Amino acid sequence: MGQSFYEQVYEIVRLIPKGRVTSYVAIARSLGAAKSSRMVGYAMRHGAEAHPPVPAHRVVNAQGLLTGKFHFSPPEMMEQLLENEGVTVEKDKVKDFKRIFWDPAVEL
DNA sequence: TTAATGACCTCCG
DNA sequence: TCGGAGGCCATTA
């Protein structure tokens, strides 16, 4: 695996099934860097403009909150994309987060 | 809410 | 050209 942490994050995020979501810590943990949860968000910021683009809207914080929605354009697009995939978002939070949660460390 | 944390990016020497 | 330090952040507890 000569890929960087970045690219590994991109890959996992792109593997997130439609209608599912995951958390930064889950991705980081699957890469063996559970303490680097912040880095995942950092990588995503680059990934948002990477090619191919990653479904960053499927990645939320540990509480299922769309903390990074303000980084989208427009910010409301994030929850709109989620709802478009069958994910219910209420008050910037993913409903039934635990139910639709997709853990790469388990699914993979 | 505040403090701590881990890795990336940019800048200067 | 290479090295080191500081700042930044879509987090977590």
Side-chain angles (χ1 to χ4, degrees):
Chain A
M1 311 334 187
Q3 300 194 3
S4 305
F5 195 95
Y6 265 42
E7 308 189 20
Q8 293 192 50
V9 173
Y10 302 154
E11 225 179 307
I12 291 179
V13 175
R14 286 184 291 204
L15 289 174
I16 300 173
K18 177 182 175 184
R20 304 282 177 176
V21 297
T22 192
S23 63
Y24 299 100
V25 64
I27 297 171
R29 191 178 186 187
S30 65
L31 299 178
K35 297 177 182 175
S36 308
S37 52
R38 309 180 91 192
M39 201 287 318
V40 177
Y42 207 101
M44 213 146 296
R45 189 176 191 247
H46 284 239
E49 298 183 353
H51 301 273
V54 302
H57 59 273
R58 293 179 185 157
V59 184
V60 297
N61 76 346
Q63 299 180 22
L65 294 170
L66 285 55
T67 53
K69 74 172 191 175
F70 291 104
H71 288 254
F72 284 77
S73 42
E76 52 206 49
M77 183 163 77
M78 184 172 184
E79 54 187 273
Q80 192 159 59
L81 287 169
L82 288 171
E83 292 193 16
N84 186 39
E85 297 185 350
V87 179
T88 304
V89 179
E90 281 193 14
K91 205 72 163 54
D92 301 341
K93 186 172 70 178
V94 176
K95 187 174 183 174
D96 298 328
F97 172 60
K98 297 178 183 176
R99 191 160 65 181
I100 65 175
F101 180 72
W102 183 82
D103 189 343
V106 175
E107 302 295 334
L108 302 180

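Quick caveat, the model's predicted, so the values are computed rather than measured. Chain A is the first sequence line, chain B the second, and so forth, proteins listed ahead of strands; every chain is numbered from 1.
The aromatic rings of A:His46 and A:Tyr42 lie parallel to each other, with less than 30° between the two planes, well short of the 60° mark.
Contact check for A:Arg14 versus A:Glu11: side-chain heavy atoms found under the 4.5 Å cut-off. When side chains are defined from C-beta on, A:Val94 does not count as touching A:Phe101, because their heavy atoms never get closer than 4.5 Å. Between A:Leu31 and A:Ile12, some side-chain heavy-atom pair lies under the 4.5 Å cut-off.
Closest heavy-atom contact between A:Ala43 and A:Tyr6: CB-CD1, 3.9 Å. Taking all atoms of both residues into account, the shortest heavy-atom contact from A:Ala56 to A:Val13 is N-CG1, 4.3 Å.
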- Message: Let's go through A:Ile27 and A:Thr22 carefully: what are the C-alpha distance in whole Å and the side-chain angles of both, what is the deciding distance for side-chain contact (heavy atoms from CB on, under 4.5 Å) to 0.1 Å, and is it a yes or a no?
- Response: CA-CA 7 Å; A:Ile27 297 171; A:Thr22 192; 3.7 Å; yes
- Item | Secondary structure string for DNA chain B (Watson-Crick or G-U under 3.5 angstrom, | for other-strand pairs) | .|||.|.||||||
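Taken together through direct or relayed side-chain contacts under 4.5 Å among Ile, Leu, Val, Met, Phe, Trp and Tyr, A:Val54 and A:Phe72 form parts of separate hydrophobic clusters.
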Please tabulate, one pair per line, all N/O donor-acceptor pairs under 3.5 Å involving side-chain atoms of residues 58-71 of chain A, not counting sequence neighbours.
residue, atom, partner, partner atom, Å
A:Arg58, NE, A:Glu85, OE1, 2.8
A:Arg58, NE, A:Glu85, OE2, 3.4
A:Arg58, NH1, A:Ile16, O, 2.8
A:Arg58, NH2, A:Glu85, OE1, 3.2
A:Arg58, NH2, A:Glu85, OE2, 2.7
A:Asn61, OD1, A:Gln63, N, 3.0
A:Asn61, OD1, A:Gly64, N, 3.0
A:Asn61, OD1, A:Leu65, N, 2.6
A:Lys69, NZ, A:Asp92, OD1, 2.7
A:Lys69, NZ, A:Asp92, OD2, 3.0

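For A:Met39 and A:Val25, each mapped to the nucleotide of DNA chain C holding its nearest heavy atom, the one lying further toward the 5' end belongs to A:Met39.
When rounded to the nearest whole Å, the span between CZ of A:Arg38 and P of B:dA7 equals 12 Å.
Along DNA chain C, read 5' to 3', the first and last nucleotides having any atom under 4.0 Å from a heavy atom of chain A are C:dC8 to C:dT12.
Put simply, the side chain of A:Tyr10 never gets that close to the backbone of A:Pro52: no donor and acceptor are under 3.5 Å apart. The backbone N or O of A:Ala28 lies less than 3.5 Å from no partner atom in the side chain of A:Ser36, so there is not a single donor-acceptor pair.
At a non-hydrogen distance threshold of 4.0 Å, A:Ala56, A:Asn61, A:Ala62 from residues 56-66 of chain A come into contact with DNA chain C. Less than 4.0 Å separates DNA chain B from at least one heavy atom of each of the following residues of residues 40-48 of chain A: A:Tyr42, A:His46.
In this structure, A:Asp103 has no salt bridge (charged side-chain N to carboxylate O under 4.0 Å, His left out) partners at least two apart in sequence or on a different chain.
Among the heavy atoms of the strands lying under 4.0 Å from A:Tyr6 are primed sugar atoms or P, OP1, OP2 only; no base atom is included.
Summarising the geometry, atom CD belonging to A:Glu79 is positioned 13.5 Å from atom NZ belonging to A:Lys93; distances are rounded to the nearest 0.5 Å.
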